[in-house]
Every structure is written in structure tokens, then in C-alpha cells.
K.L.:
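If you scroll down you'll find the structure; I have some questions about it.
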Amino acid sequence: MYAISLGDDGAELRPLEPWHAEEFFAHLERGRDFIGRFINFGSQETDVESARAMLQRYAEMRAADTRSLHGLWLNGKLVGGVLFLNFDAASGNCEVGCWLEPAGTGRGLVTRAMRVLIDWAVEERGIHRIEWVAASGNQPSLNVARRLGMTRDGVRREAHPYGGVRHDLEVWSVLAPEWRAARARAAHDDH
């Protein structure tokens, strides 16, 4: 299909589709404990067929224009991904998120991939508000929101019961005019 280079380190953003089920399941197995610290992404996918079914559900939601998965490959190996949640073009709102196995961390992959997704959402789809929600204890995720120039809108205290703990959820967002202004400043600073 296609791949979007995220830099000169072998990182690529690609569609994550049902035919990737074996690779996706192997990735989930490698990262299951790490991914599952704050979110249950992939926790129900316990074999290749259930992984394929998940990818098929997301393919159907992409076709319905409500959600989509995008994989992150590093030197040809799937190490994580980014996704649109609650994509609502009519209202101009969406939520974005991510997941990574340990081999994909500390490289800025999510930040680089998210810039591609947000640019597309804002410029191609007319999305006005992009939201990021993460547990307060998930500092790497909160750091991505900061690096993307998002504003912390607030905290939903103890809103996320997960793993026997009620986690606070932080809500961060960026609006289309803020995103465009930040991208223009970055482009100006590069020259």
C-alpha cells in the first residue's frame, strides 16, 4: 500500500489492516505487559484470529469514518501505532491516541506520527479540535501531548478504573488555529 517516512531512522507510518494480523499479534505479544500498564488496547486479542477480528473491526470503522488504526514500523518491524478515536468530521472533533511496545519507545515515533495524523485531520478533513486523553501516571503519553503543543484542559479525577486502581485522566487538546500557527512557526524557524 503506502508508507510515510517519519525520518532517517527507518521509522514509517503505514496503514494497519486485517492482512497484518500475524505481525500485529506478534507485536501485541512482545508488548502486552508494557502496553497494558494504563490501557487495555490489545488485551482481548489472544491469538491471530482475534487480532485479525480487531483489525477488521477497525477497518470497518475506518470505512464508516469513525475510527482508524495506523501502524508504526521501525526498520521493517511493527513496534506500535497511533489511532483516531471518536472521529467526527461533522462536528469537527476527534480524539487521538497511541500504543507502543518497549522497542518503539524513546525515539519520538508517536510524536512524529501524530504530527502526520493531525496535519491530515486539520488540513484535509477540517477537524477543529483534536483531543488526547491519558492517565495522569502515564508520563510518556502526557509528554507527547506537550510536545504536540496541546493545552491541558483538565483532569477527570479517578474516572478510569483499570488494573484495580482508579486513575485520573488528563484531557489535552489542540485547536486547528493553534496547530496551524505552531506549524507555521516551526516552518519559519527551520529557514
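Throughout, residue positions are numbered sequentially from 1 according to the sequence presented.
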K.L.:
Is there a donor-acceptor pair under 3.5 Å between the side chain of E23 and the backbone N or O of H20?
P.N.:
no
K.L.:
When clusters are formed from ILVMFWY side-chain contacts under 4.5 Å, directly or step by step, what else is grouped with F25?
P.N.:
V48
K.L.:
Any chance you could measure W132, atom CH2, to L142, atom CG, to the nearest 0.5 Å?
P.N.:
9.0 Å
K.L.:
Can you tell me how far OG1 of T105 sits from CD of E101, rounded to the nearest 0.5 angstrom?
P.N.:
9.0 Å
K.L.:
Hey, what do you get for OG (S141) to CH2 (W99), rounding to the nearest 0.5 Å?
P.N.:
13.0 Å
K.L.:
State, yes or no, whether a side-chain contact exists between Q56 and P18 at a heavy-atom distance under 4.5 Å.
P.N.:
yes
K.L.:
Under 3.5 Å, is there a donor-acceptor pair between the side chain of S50 and the main chain of D47?
P.N.:
yes
K.L.:
Are there over 12 heavy-atom neighbours, none belonging to E123, within less than 6.0 Å of that residue's CD?
P.N.:
yes
K.L.:
Hey, what do you get for CZ (R180) to CD1 (I118), rounding to the nearest 0.5 Å?
P.N.:
12.5 Å
K.L.:
For the pair M54 and F24, evaluate side chain to side chain contact (heavy atoms under 4.5 Å, CB included) and give the outcome as yes or no after the intermediate values.
P.N.:
CA-CA 10 Å; M54 177 187 183; F24 180 58; 3.7 Å; yes
K.L.:
Measuring only between side-chain heavy atoms, which start at C-beta, is M114 closer than 4.5 Å to V96?
P.N.:
yes
K.L.:
Can R32 be said to sit on top of F34's aromatic six-ring, NZ or CZ under 6.0 Å from centre and within 45° of the ring axis?
P.N.:
no
K.L.:
May I ask you to test the Y2-R14 pair for a side-chain heavy-atom distance under 4.5 Å?
P.N.:
no
K.L.:
Please say yes or no: joined through hydrophobic side-chain contacts below 4.5 Å, possibly via intermediate residues, are F41 and L100 part of one cluster?
P.N.:
no
K.L.:
Side-chain contact, heavy-atom cut-off 4.5 Å: L109 with R112?
P.N.:
yes
K.L.:
Less than 4.5 Å apart, any side-chain heavy atom of R183 and any of R115?
P.N.:
yes
K.L.:
Answer whether the closest heavy-atom distance between the side chains of V110 and L72 falls below 4.5 Å.
P.N.:
yes
K.L.:
Determine yes or no for a side-chain-to-main-chain donor-acceptor pair under 3.5 angstrom, with S5 supplying the side chain and G7 the backbone.
P.N.:
yes
K.L.:
Where do R129 and N93 come nearest, in terms of heavy atoms and distance?
P.N.:
CB-OD1, 3.2 Å
K.L.:
Can E45 and R57 be counted as an ion pair, charged N to O under 4.0 angstrom?
P.N.:
yes
K.L.:
Out of curiosity, I127 CD1 to L117 CG, how far, rounded to the nearest 0.5 Å?
P.N.:
11.0 Å
K.L.:
Do R62 and L16 make a side-chain contact, defined as non-hydrogen atoms from C-beta onward lying under 4.5 Å apart?
P.N.:
no
K.L.:
Just by distance, do the side chain of T66 and the backbone of M61 share a donor-acceptor pair under 3.5 Å?
P.N.:
yes
K.L.:
Once you measure the plane-to-plane angle for Y162 and H167, does it fall in the parallel (<30°), tilted (30-60°) or perpendicular (>60°) bin?
P.N.:
tilted
K.L.:
Can you check side-chain hydrogen bond (donor to acceptor under 3.5 Å, both in side chains) on E170 and S136, steps first, answer last?
P.N.:
CA-CA 6 Å; E170 296 194 19; S136 292; 3.2 Å; yes
K.L.:
So, taking the atom named OG in S173 and the one named CD in E95, what distance separates them when rounded to the nearest 0.5 Å?
P.N.:
11.5 Å
K.L.:
If you group Ile, Leu, Val, Met, Phe, Trp and Tyr whenever their side-chain heavy atoms sit less than 4.5 Å apart, what else falls in with V133?
P.N.:
L169, V171
K.L.:
Less than 6.0 angstrom separating the ring centers of F84 and W120, yes or no?
P.N.:
yes
K.L.:
Side-chain contact, heavy-atom cut-off 4.5 Å: Q139 with R146?
P.N.:
yes
K.L.:
Tell me whether R157 at atom CZ has more than 12 heavy atoms from other residues, nucleotides or ligands lying less than 6.0 Å away.
P.N.:
no
K.L.:
For a quick check under 3.5 Å, do S43 and N40 share a side-chain donor-acceptor pair by atom type?
P.N.:
no
K.L.:
So W73 and H27, ring pair (Phe, Tyr, Trp, His ring centres under 6.0 Å) or not? Walk me through it.
P.N.:
CA-CA 11 Å; W73 274 261; H27 153 66; 9.0 Å; no
